[in-house]
Amino acid sequence: MIHNVKDLEKVLQTYIVKALELTRDEIFEIVSDKIVEYYNEPVFDNPNDPTQPVHYNRTGRMLESLSSSAIMLENDGYMFKIGWDDDYLTYHYPKGFATNRFGETYNNVTGRQVLLWMNQKSHGGIVFGEHNFWDEALMDIEKRGGFAQIFKRNCERVGIPLK
């Protein structure tokens, strides 16, 4: 039963948190799908391609390290985070995880560098792909109307009618 504005705020907060959870999950799925596309990009299918590495060790660490936070109350508002924590960003891939035909290897590669390569049409800094995956994830979010529209739709889904 709602008797005053505080009661109304308490009820609305429950719905807003649920709408934010749906929004977080949708955005997480968009980013996650782009990472899976990155892992599946057909850049290692042609052994006659001289740009293909002779050795490339896929660890799956980037995909497994993507995470999302709980909905948090912060400074009179709510927030959530999607991304990679400092453990992944500063993670050092094993020495020589990728070796090209000239015997050149990349050493001292961090998770941050791999994320940059993912958005620079590159796998391991050696093999060229066709996509800037992070930019594409942001474009997919924009195609859905952007963060605000996704949140608005999710508010309506949980029962908050918005105009």
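Nothing fancy with the numbering, it's 1 onward along the sequence.
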Student: Rounded to the nearest 0.5 Å, how far apart are CD1 of I150 and CD1 of I141?
Tutor: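 Answer for the CD1-CD1 pair, I150 versus I141, is 6.0 Å.
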Student: To the nearest 0.5 angstrom, please state how far the CE atom of M139 sits from the CZ atom of F133.
Tutor: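 Between M139 CE and F133 CZ, I get 11.0 Å after rounding to 0.5 Å.
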Student: What I'd like to find out is whether the side chain of Y88 reaches to under 4.5 Å of the side chain of T110, using heavy atoms alone.
Tutor: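 Y88 vs T110: side chains apart.
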Student: Which pair of heavy atoms, one from L66 and one from F28, lies closest together, and at what distance?
Tutor: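 Between these two residues, the closest heavy atoms are CG-CE1, 3.5 Å.
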Student: Which distance, rounded to the nearest 0.5 Å, do you find between the CG of N132 and the CG of L138?
Tutor: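 It comes to 11.0 Å.
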Student: For E37, look at atom CD and say whether over 12 heavy atoms of other residues, nucleotides or ligands are found less than 6.0 Å away.
Tutor: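 Yes - once you tally the heavy atoms of other residues, nucleotides and ligands closer than 6.0 Å, there are more than 12.
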Student: Once side-chain hydrogen bond (donor to acceptor under 3.5 Å, both in side chains) is applied, what residue pairs with a partner in residues 66-80 remain, sequence neighbours excluded?
Tutor: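 Output for this query is empty, none listed.
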Student: Evaluate the criterion side chain to side chain contact (heavy atoms under 4.5 Å, CB included) for residue pair I82 and F80; output intermediate values, then yes/no.
Tutor: CA-CA 7 Å; I82 297 172; F80 60 84; 3.8 Å; yes
Student: To check you understand the geometry: which heavy-atom pair defines the closest contact between R144 and Q149, and what is its length?
Tutor: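 Smallest heavy-atom distance, with atoms named: O-CB, 3.9 Å.
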Student: Please enumerate all residues that pass side-chain hydrogen bond (donor to acceptor under 3.5 Å, both in side chains) together with D135, with sequence neighbours excluded.
Tutor: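 For D135 the side-chain hydrogen bond (donor to acceptor under 3.5 Å, both in side chains) partners, ignoring immediate neighbours, are N119.
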Student: Looking at side-chain heavy atoms only, is the closest gap between R24 and E26 below 4.5 Å?
Tutor: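 Not touching, per the 4.5 Å side-chain cut-off.
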Student: Using the rule that two of Ile, Leu, Val, Met, Phe, Trp, Tyr join whenever any of their side-chain heavy atoms come within less than 4.5 Å, decide whether F147 and M72 are in one cluster.
Tutor: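 No; tracing contacts between hydrophobic side chains, which count when under 4.5 Å, never links both residues.
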Student: Kindly compute the distance separating CG (L115) from CH2 (W134), expressed to the nearest 0.5 Å.
Tutor: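 Result: 8.5 Å between the selected atoms.
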Student: For E156, check side-chain hydrogen bond (donor to acceptor under 3.5 Å, both in side chains) against everything at least two apart and list the hits.
Tutor: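 E156 satisfies side-chain hydrogen bond (donor to acceptor under 3.5 Å, both in side chains) with no other residue.
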Student: For M62, does its backbone N or O pair with a side-chain atom of W84 as donor and acceptor, under 3.5 Å?
Tutor: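 Looks like yes, one N/O pair under 3.5 Å.
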Student: Going by the rule side-chain hydrogen bond (donor to acceptor under 3.5 Å, both in side chains), which residues pair with E41 if we only count those two or more places apart in sequence or in a different chain?
Tutor: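 E41 satisfies side-chain hydrogen bond (donor to acceptor under 3.5 Å, both in side chains) with H123 only.
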Student: Would L162 and L8 show up in the same hydrophobic cluster when neighbours are defined by side-chain heavy atoms closer than 4.5 Å?
Tutor: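 Result: yes, single cluster for both.
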Student: So, applying side-chain hydrogen bond (donor to acceptor under 3.5 Å, both in side chains) with H131, which one of Q120, K34, K121, E136 is it?
Tutor: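 The residue from Q120, K34, K121, E136 that satisfies side-chain hydrogen bond (donor to acceptor under 3.5 Å, both in side chains) with H131 turns out to be E136.
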Student: How would you list, by chain and number, every residue that makes a side-chain contact (heavy atoms from CB on, under 4.5 Å) with D7, sequence neighbours excluded?
Tutor: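 Checked D7 against side-chain contact (heavy atoms from CB on, under 4.5 Å); matches are I2, H3, N4.
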Student: Could you grab the distance from atom CE of M79 to atom CD1 of I71, nearest 0.5 Å is fine?
Tutor: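 Reported to 0.5 Å precision, the distance equals 9.5 Å.
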Student: Identify, with sequence neighbours excluded, every residue that meets side-chain hydrogen bond (donor to acceptor under 3.5 Å, both in side chains) alongside E142.
Tutor: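 Here no residue qualifies.
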Student: Using 30° and 60° as the class limits, which term best fits the ring planes of Y93 and Y91: parallel, tilted or perpendicular?
Tutor: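 It falls in the perpendicular class, over 60°.
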Student: To check you understand the geometry: which heavy-atom pair defines the closest contact between I30 and A137, and what is its length?
Tutor: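 Answer, listing the atom of I30 first, then A137: CG2-O, 3.6 Å.
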Student: Is it possible for you to say whether L89 and L116 belong to one hydrophobic cluster, with membership spreading through side-chain heavy-atom contacts below 4.5 Å?
Tutor: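 Different hydrophobic clusters.
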Student: Working to the nearest 0.5 Å, report the span between NZ of K18 and CZ of R157.
Tutor: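 So the gap between those two atoms works out to 8.5 Å.
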Student: Might you point out which heavy atoms bring L63 and I35 nearest each other, and give the distance in Å?
Tutor: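 Minimum heavy-atom contact is CD1-CG2, 3.7 Å.
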Student: What I'd like to find out is whether the side chain of F151 reaches to under 4.5 Å of the side chain of L20, using heavy atoms alone.
Tutor: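 The answer is yes, as the side chains (C-beta and beyond) meet within the 4.5 Å cut-off.
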Student: Does S65 use its side chain to pair, donor to acceptor, with the backbone of R61 at less than 3.5 Å?
Tutor: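 Yes; at least one donor-acceptor contact below 3.5 Å.
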